[in-house]
Structure formats: C-alpha cells, structure tokens
Amino acid sequence: SADKTHHSADTNFIAFALLPLGQIDELAAAYKRSNKVELAGEVDKKCEGDMKTLILAKLGRGKYKSDMKNEKLLRRE
C-alpha cells in the first residue's frame, strides 16, 4: 500500500542521512559504477525539498556544500 511505501522511503532516507560521510562517498562511487551516472545528479533531478537539500549536502553538492566539507575535515583530524 501507499503507506508502506512511504514508510519504507522514510526509513531509507533516515538511514542514508545517518551514514558517516566516508560511507556516503563509497555509496556514491558504487552507484556510479552500477548505474553509469552520478548519484548527486539523480538526486538533483528526482528529489525535492528538505530531502534533496540534505542528500546533496551529504554528497558535497548544493547549498550546504561548504558545511559538509568542513565536517569531513574535522572528522579526519
């Protein structure tokens, strides 16, 4: 049903949002190998709103790109 699909999408989004940045980089690389397109580009085309903003930021693109780069640098120290 639609409720189950919505719940599953919410759960997947939360899981993605909680992934450490290093694992997100690995996920994006695997997505590109498998699909021959950038994950960020697909998110940019197919998502909207807060979900799009957060995912693109975690992928190092979009409005909050510099914040995510700073987070990566801090985690490496």
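For the single chain, residues carry numbers from 1 onward in sequence order.
By the neighbour-count criterion of 12 heavy atoms within 6.0 Å, atom CG of Asp50 is sparsely surrounded, having that number or fewer from other residues, nucleotides or ligands.
Note: Leu54 CG to Cys47 SG = 10.5 Å, rounded to the nearest 0.5 Å. Between atom CD of residue Glu38 and atom CG of residue Asp44 there is a gap of 12.0 Å, rounded to the nearest 0.5 Å. Taken to the nearest 0.5 Å, the CG atom of Leu59 stands 6.5 Å off from the CD1 atom of Ile24. Within the model, atoms NZ of Lys32 and CD of Glu42 stand 12.5 Å from one another, a figure rounded to the nearest 0.5 Å. In this structure, CG in Asp25 is found 10.0 Å from NZ in Lys58, a value given to the nearest 0.5 Å.
Checked by atom type and distance alone, the side chain of Thr53 pairs as donor or acceptor with a backbone atom of Gly49 at under 3.5 Å.
Look at Lys52 and Glu48 and you find no salt bridge, because none of the NZ, NE, NH1 or NH2 atoms lies under 4.0 Å from a carboxylate O.
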